[in-house]
S.K.: 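Dropping the structure in here first, questions after.
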Amino acid sequence: MIIKQLSVFLENKAGRLTELTGILGNAGINMTALSIADTSEFGIIRVVVSDPEKALQILKEHNFSVNLTDVVCLMTENQPGALARALELLSAERISIEYMYAFSIGERAFIIMKTEDINRTIELLRKNNIELLKADELYNM
Amino acid sequence: MIWNEKFETMPREEMRKWQGEKLREMVERVYYNVPFYRKKLQEINIQPEDIEGIDDLARLPFTSKTDLRDNYPYGLFAVPMSEIIRIHASSGTTGKPTVVGYTRRDIALWSEVVARILTSAGVERDDYIHVAYGYGLFTGGLGIHYGSEKVGATVIPISAGNTKKQLQLMEDLGSTVLACTPSYALYLAETIEELNIDRNRLKLRVGIFGAEPWSDSMRKKVEERLNIKAIDIYGLSEIIGPGVASECEYQDGLHINEDHFIPEIIDPETLEVLPPGERGELVFTTVTKEGLPLLRYRTGDLSRLVYEKCRCGRTLVRMEKCLGRSDDMLIIRGVNVFPSQIESVLLEMGETEPHYRLIVDRENNLDVLEVQVEVGDQFFSDEIRKLEQLTNKIRKNIESTLGIGVKVKLVEPKTFERCEGKTTRVIDRRKLD
């Protein structure tokens with residue numbers, strides 16, 4: 001259930017993101033989901049890819065600061081209130097969310113999140129019948 | 001082990017007597033052979049026979065780097081060029097390089113002082129010395145090379161560059177001593193980690209590091225990562241190159257080969273000689289060198305002298321580890337800043353790579369200092385909050401050390417080129433106006 005997300009440090013410099021995506025593309029690595037957190041000085045790109053270990057290796061070789069981060073991916077109905085219900089469960093248990101990003105396809109919504117305690121999060125969501133995506137399902141989406 | 005018992009353990013009074021005699025001979029040589037010095041000495045009414053002992057040193061004129069440049073290339077040489085068998089030159093970052101020349105006896109003297117410093121670092125004839133200082137006009141490579149041969153160790157003159165090959169040979173040939181700049185040592189350590197080379201397959205035990213100022217915290221880092229003893233050596237081409245001074249196994253100050261290079265500490269403003277123990281600018285007089293003898297050469301390096309006998313048995317005066325050349329010193333909003341201070345802060349925090357660059361600029365007539373620090377994988381967090389905390393922590397620590405406000409910017413790994421010679425750590429854009 002734990003998904004290995006690639007997190008990469010990027011300076012705010014022209015062409016860096018193009019370079020990064022080019023490197024992954026040339027290595028035949030597909031990106032399933034991506035988000036960028038930015039400040040005035042630097043950004044962190046968070047991306048779920050088809051082969052996280054290989055991507056990690058390749059980016060290191062290209063001198064990127066990069067690591068793998070454990071995240072989970074929830075799947076809910078693409079309907080008003082669905083995300084709120086999932087988040088209420090976490091709030092009630094006082095599990096903080098570090099960050100999240102989401103996308104939807106048709107009737108389904110996918111929410112990738114990092115919380116302060118990934119194992120407790122998984123346990124809690126499962127107990128409440130919230131569907132969690134397996135790592136391979138997301139990598140190969 | 002002590003290479004030259006006679007001079008390295010000579011009682012103070014005897015040393016002073018020796019220095020006085022050599023000084024008198026030297027003044028005589030420069031008075032008759034170097035027009036520049038004759039003029040200077042005549043201006044202050046000093047004849048060679050006026051020099052009665054070492055106490056007369058303080059009456060003599062200073063020599064500066066500018067004097068060497070003004071007399072470029074051979075103007076200050078004290079022998080005919082037919083006596084000169086070797087030329088070296090220092091990298092001229094501004095303007096012309098400084099050219100130095102050696103007679104056959106100078107080369108022998110140089111080998112002798114380098115043999116002394118290698119021995120004080122614990123090098124013996126059974127050692128394999130990996131000399132990764134640059135060979136060429138820079139004095140580092142050939143200086144260490146000749147001294148190593150004198151000791152009788154096996155020299156591996158690998159010079160600088162091609163790091164992966166260097167590591168391969170270091171392993172295959174069984175190098176036990178590494179001689180290079182401290183920043184290159186750190187780069188080698190990084191490369192060893194990156195290539196996952198088993199440290200136990202290397203036989204390195206001692207590092208002989210010099211040619212650029214480095215802090216004690218950087219020493220700890222190099223010692224830990226390479227699992228060696230890191231010895232600080234000091235030298236500059238104008239005086240002879242490596243071999244001027246070096247630490248012994250106790251790493252408690254650098255023993256100066258003062259029977260050849262007489263040190264003084266002066267106040268850089270008033271030019272007065274300071275009492276022992278006070279910190280100021282280091283000045284050397286090369287009393288035995290033939291090719292390019294220099295009277296009271298102002299090094300621009302800041303240090304202090306300790307005359308107490310060392311635990312190793314040497315009586316040679318010790319200079320405190322040099323924290324910077326005054327050329328490296330930046331004056332930012334009236335405050336003196338040495339790059340090594342920032343290096344110490346970063347290394348003590350241990351949360352970033354010790355690779356940094358300082359950018360000084362002037363915005364609205366105010367000096368601003370930006371410290372750029374590389375973020376290594378192990379410190380990189382995927383959370384903005386943590387990276388911002390790290391940035392703030394670095395900023396606060398630097399500000400409390402320097403006493404001025406700075407801006408800290410995190411940059412990607414390997415942003416700064418790993419230089420095999422001296423590393424450029426400062427970009428001062430104020431000078432461009």
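All of these numbers come straight from a predicted model, not from anything done at the bench. To find a chain, count down the sequence lines: A is the first, B the second, and so on, and within it residues start at 1.
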S.K.: If you count heavy atoms of other groups shown closer than 6.0 angstrom to CZ of A/Arg120, is the number above 12?
M.R.: yes

S.K.: Quick one: what part of A/Leu10 sits under 4.5 Å from any heavy atom of chain B, side chain, backbone, both or neither?
M.R.: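 Both parts, backbone and side chain.
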
S.K.: Work out which heavy atom in A/Asp38 is nearest to a heavy atom in B/Ile384; give both atom names and the distance.
M.R.: N-CD1, 4.4 Å

S.K.: NZ of B/Lys396: more than 12 outside heavy atoms within 6.0 angstrom?
M.R.: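 Incorrect, the count does not exceed 12.
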
S.K.: For the residue pair B/Thr415 and A/Glu11, what are the closest heavy atoms and their distance?
M.R.: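 So the two residues come closest at OG1-OE2, 3.6 Å.
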
S.K.: I need the A/Phe42 CZ to B/Glu412 CD distance, nearest 0.5 Å.
M.R.: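 These two atoms lie 11.5 Å from each other.
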
S.K.: Measure across B/Pro413 and A/Phe64 and return the closest heavy-atom pair with its distance rounded to 0.1 Å.
M.R.: CG-C, 4.0 Å

S.K.: For B/Glu383 versus A/Tyr99, what's the shortest heavy-atom pair and its separation?
M.R.: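 Reported closest heavy-atom pair: CG-CE2, 4.2 Å.
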
S.K.: Hey, could you give me the OG/CG distance between A/Ser65 and B/Asp382, rounded to the nearest 0.5 Å?
M.R.: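 Going from OG on A/Ser65 over to CG on B/Asp382, the span is 12.0 Å.
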
S.K.: Counting only non-hydrogen atoms closer than 4.5 Å, does B/Lys407 touch chain A with its backbone (N, CA, C, O), its side chain (CB onward), both, or neither?
M.R.: side chain

S.K.: Please confirm whether the backbone N or O of B/Phe380 pairs with a side-chain atom of A/Asn67, one donor and one acceptor, at under 3.5 Å?
M.R.: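 Yes: the side chain of A/Asn67 pairs with the backbone of B/Phe380.
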
S.K.: Quick check for you: to the nearest 0.5 Å, what is the distance between B/Lys409 atom NZ and A/Asn12 atom CG?
M.R.: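 Spacing of NZ (B/Lys409) from CG (A/Asn12) equals 7.5 Å.
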
S.K.: To check you understand the geometry: which heavy-atom pair defines the closest contact between B/Leu387 and A/Phe9, and what is its length?
M.R.: CD1-CD1, 3.9 Å

S.K.: How long is the straight-line distance from CZ of B/Arg385 back to OG1 of A/Thr39, given to the nearest 0.5 Å?
M.R.: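 CZ of B/Arg385 is found 15.0 Å from OG1 of A/Thr39.
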
